[in-house]
Each structure stands twice: as C-alpha cells, then as structure tokens.
**Student:** 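Got a structure here, written out as structure tokens. Questions coming.
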Protein chains: 2
Amino acid sequence: MHYETLKSLLKKEGYSLTKPRKLVFDLLLNQEPQSMQVLTQRAIGKIDRATVYRTVELFERLGIVRRLNVGWKYKIELSDIFTGHHHHMYCTNCGRMFDLPDSPMLETMIDSVVAKTEFSPRGHQLEIYGLCASCQRLAI
Amino acid sequence: MHYETLKSLLKKEGYSLTKPRKLVFDLLLNQEPQSMQVLTQRAIGKIDRATVYRTVELFERLGIVRRLNVGWKYKIELSDIFTGHHHHMYCTNCGRMFDLPDSPMLETMIDSVVAKTEFSPRGHQLEIYGLCASCQRLAI
DNA sequence: AATAAAATTGCAAATTTGTCGCAATTTAAG
DNA sequence: CTTAAATTGCGACAAATTTGCAATTTTATT
C-alpha cells in the first residue's frame, strides 16, 4: 500500500519506480532515520553509491523523504506522508532516535510564534537531544 | 567581558585560551551562524583549517558554541551563554538565518512534552524553514 | 626571566563524503 | 518487439573532514 503511494508520487512528476528506488525506499521503511553512511553501506552489492545519493535527492525533492539534522550529520527518514508529522529525540550517547509524542498544541504554538514575523514558513523541525532511558542507566 | 567567560569555560576543563581559539571566537561573536566553509575561509593566513575544526569541536564539547542544523549542512554559533536561548528561521532561498521571537510558553510546552517520556533532555533545537520577507517579494 | 613539561598548532597526507560525465542498461510508449 | 527516453553503474573528481607527527606555544616551576 505504501508502494502505491510511492509510485504515484513518482509518476505524478514523471518518474518511474525502478528497482534501485524501491530498494532505497525499503531501506527506510519502518526504520529509525538512517545516515547516508548506513544507507550506502546497506546498498553495497545491490546499487551504486551514486545512485543512493541521487535517489535520496530525488525523494527529498518530491517530498518522499525528509532530511533530519542530527548532530554533525543528517539522517533520512520517510516523510510525513508515510509516518505522520512528528519530531525526534536524539540520544547523544548511542546515536539512536526516538519519536517525540505528538502534541497538536505544540504545533499550534510554533505556528503562532512564527506568525508574528514576516517569515513564510514551509515547515519546521524540532530536535531534542540528551540521553535515552537506557543510556541514562549506564550513567555516562 | 565575553573573553573572561570564554577563558573561564576553557580553564575549568584544563584548556588555555590561545590565539587561534580567540580568533575562532571572534569570528563567531556578534555574527549570524557561520558555516565551516566561511569560518575556514576567514581563517586563511591566520590559522590552519585543521585548527578551526579542532577548535570548533572543542568549543562544542565545552558548550561554548552550538552546531545548528541547517538544510544539508550545519552552522556554528556561540551558545546560549553568550547569546541567550533562541531559535532560528532559515531562508531556503538566500540561506540567511533569522532569530525567532522568544516565547517562554513555547519553551515550557516543549519541556512538558519531553517530560512525558523517559528521555533526559540536555537541550533542543527548533528550526523553521521557508522564505524570508525579502525572498518572498522576489517571488521565486 | 629562564627552563622544562605539557598542550597546542601547522603541515601534509589520508579518509570520507558527495558530485559528475558518459557509456551501458533498463523502462516506457507505440 | 522496437525505439526513444530515463536511469544506472562506473570511474574519476572535488570538497569536506580527520589524523599523525614534528615544530611551536603556553603553563608551571624555579
């Protein structure tokens, strides 16, 4: 069912759903946000590094994935269309990412602060960083 | 007066305030967040590229600067200690960054959403992206 | 102020990350 | 099934970032 959505998003803009594109999509489906390093790593032997980059770039342009800014690098996850709008908590110790509970009120508040300005927002990202439950127990 | 704060933050952890470190600090003082490219560029003839990277990493570790995630890259700005806590709006057209108006209520709300989880937050970053006032007028 | 030890830096090389052109392959259209 | 267009793999390239190590600077001590 997600493949249908994917396919139609591509078709709509004149692109086709090829094997490499399906693979990149699969690498992202039901996963926590992935770094390019991991993506290219996992694609080895299947598709070329350049193709991974090109695909991610295309997917981002079409709104299929979004690029999350995390620490020094960025990670890729499927966009709101597939996952729903949400934010992340990033554990600076183990590097894992966790979803922040949804809060419509928070979203509203963000919008209203931006509305005070002359800026025309297209979206936003909130990242919480700190220690996840298990890393806290390890007492760094 | 900012130099005193800087010096004591370094001293506290056993580091000294050297000329290169002072330079990097100066490159950040009263500026909008800077990319590494610009930082290394501006340091040419004064200090080595590698030193800029090492200094930024040290500064981040000591909480002197923070790394802002912007688009695909990141930018560096002095931390809350020097600038006060605030968030940014990033213009995807011209690349400039603007401060979001302060909103204690927003901060409280973010904290309270995180408090519902087992995550132990050390901080957070909110980035709004879209078009700034002048780029809107140019109607991209 | 002189000196020795420790910390820091510059330099050059290595690695990693991301991009590009083009020929070979795959996909879409008829 | 054939052809045109789109896409991919491959290699080369360019940019960004890291690293080892010798030279320099800083700090602590006399």
Side-chain angles (χ1 to χ4, degrees), chain A residues 3-4 6-28 33-62 64-77 95, chain B residues 3-4 6-28 33-62 64-76 92 95:
Chain A
Y3 288 121
E4 283 316 305
L6 171 62
K7 193 166 183 171
S8 75
L9 283 170
L10 286 164
K11 269 278 165 54
K12 193 171 58 176
E13 302 288 334
Y15 299 96
S16 41
L17 177 51
T18 61
K19 250 172 295 173
R21 287 174 186 161
K22 189 179 263 182
L23 175 69
V24 171
F25 187 82
D26 285 338
L27 289 176
L28 295 168
Q34 304 279 337
S35 66
M36 286 309 290
Q37 213 203 80
V38 167
L39 285 182
T40 51
Q41 191 68 39
R42 297 208 173 145
I44 286 178
K46 294 167 187 157
I47 58 176
D48 192 71
R49 216 157 38 94
T51 303
V52 178
Y53 277 98
R54 283 189 281 231
T55 302
V56 166
E57 196 224 326
L58 175 68
F59 279 8
E60 191 187 28
R61 194 149 47 76
L62 302 188
I64 293 167
V65 302
R66 63 171 174 156
R67 207 174 286 257
L68 293 179
N69 306 110
V70 177
W72 304 39
K73 298 294 173 71
Y74 58 80
K75 298 193 176 194
I76 308 296
E77 75 168 356
Chain B
Y3 289 122
E4 283 315 306
L6 171 63
K7 193 165 186 172
S8 74
L9 284 170
L10 286 163
K11 269 278 164 55
K12 191 171 57 172
E13 303 287 333
Y15 298 96
S16 41
L17 177 51
T18 61
K19 249 172 296 172
R21 287 174 184 161
K22 189 178 263 182
L23 175 70
V24 171
F25 186 83
D26 285 339
L27 289 177
L28 294 168
Q34 303 280 339
S35 65
M36 286 308 291
Q37 214 204 81
V38 168
L39 285 181
T40 51
Q41 191 67 40
R42 298 209 172 142
I44 285 176
K46 294 167 186 159
I47 59 177
D48 192 72
R49 238 183 22 252
T51 303
V52 178
Y53 277 98
R54 283 189 281 233
T55 303
V56 166
E57 195 224 324
L58 175 68
F59 279 8
E60 190 186 29
R61 195 150 45 75
L62 302 189
I64 293 166
V65 304
R66 63 171 175 157
R67 203 175 289 259
L68 292 179
N69 307 111
V70 177
W72 307 37
K73 298 293 175 70
Y74 59 82
K75 298 194 176 191
I76 309 295
T92 51

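Order of the sequence lines fixes the chain letters, A, B, ..., with proteins taken first and strands second; residue numbering starts at 1 for each chain. Because only heavy atoms are used, hydrogens play no part in the values below, and waters and symmetry mates are left out as well, while side chains stay in.
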**Student:** Quick one: CD on E13(B) to CG on L58(B), what's the gap to the nearest 0.5 Å?
**Tutor:** 9.0 Å

**Student:** Starting at atom CG of L58(A), determine the distance to atom C1' of dA6(D), rounded to an integer number of angstrom.
**Tutor:** 12 Å

**Student:** So, taking the atom named OG1 in T55(A) and the one named CD1 in I47(A), what distance separates them when rounded to the nearest 0.5 Å?
**Tutor:** 5.5 Å

**Student:** Classify the angle between the aromatic ring planes of F59(B) and F25(B) as parallel (below 30°), tilted (30 to 60°) or perpendicular (above 60°).
**Tutor:** perpendicular

**Student:** How many Å lie between CG on D48(B) and C1' on dC21(D), as a whole number?
**Tutor:** 14 Å

**Student:** To the nearest 10 degrees, how far apart in direction are the end axes of the helix from dA1(C)-dT30(D) to dG30(C)-dC1(D), each fit to five base pairs?
**Tutor:** 40°

**Student:** Check every strand shown and say whether R21(B) touches a base, only sugar-phosphate, or nothing at a heavy-atom separation below 4.0 Å.
**Tutor:** sugar-phosphate

**Student:** Give the rounded distance in Å between these two atoms: NZ of K19(B) and P of dT24(D).
**Tutor:** 13 Å

**Student:** With a strict under 4.0 Å distance from non-hydrogen atoms of chain B, what nucleotide opens and what nucleotide closes the contacted stretch of DNA chain C, reading 5' to 3'?
**Tutor:** dT8(C) to dC11(C)

**Student:** As an exercise, state the distance from CZ of R54(A) to CD of E57(A), rounded to the nearest 0.5 Å.
**Tutor:** 10.0 Å

**Student:** Measure the CG-NZ distance between L28(A) and K75(A) for me, rounded to the nearest 0.5 Å.
**Tutor:** 12.5 Å

**Student:** Search all heavy atoms of Y15(B) against all heavy atoms of L62(B) and return the closest pair with its distance.
**Tutor:** CD1-CD1, 3.9 Å

**Student:** Do you know which two heavy atoms are closest between V65(A) and V56(A), and how far apart they sit?
**Tutor:** CG2-O, 3.9 Å

**Student:** Report which part of the nucleic acid K46(A) touches: base, sugar-phosphate, or nothing (heavy-atom distance under 4.0 Å, all strands).
**Tutor:** sugar-phosphate

**Student:** Considering heavy-atom distances to DNA chain D, does S16(A) or P20(B) have its closest nucleotide positioned more toward the 5' end?
**Tutor:** S16(A)

**Student:** Check the distance between dA5(D)'s P and E13(A)'s CD and give it to me in whole angstrom.
**Tutor:** 20 Å

**Student:** Under 4.0 Å, counting only non-hydrogen atoms across every strand here, what does K11(B) touch: a base, just sugar-phosphate, or nothing?
**Tutor:** nothing

**Student:** Give, for atom NZ of K19(B) and atom CG of D26(B), the distance between the pair rounded to the nearest 0.5 Å.
**Tutor:** 13.5 Å

**Student:** To the nearest angstrom, how far is I44(B) atom CD1 from dA15(D) atom P?
**Tutor:** 13 Å

**Student:** Is the backbone of S16(A) close enough, under 3.5 Å, to the side chain of R21(A) for a donor and an acceptor to pair up by distance?
**Tutor:** yes

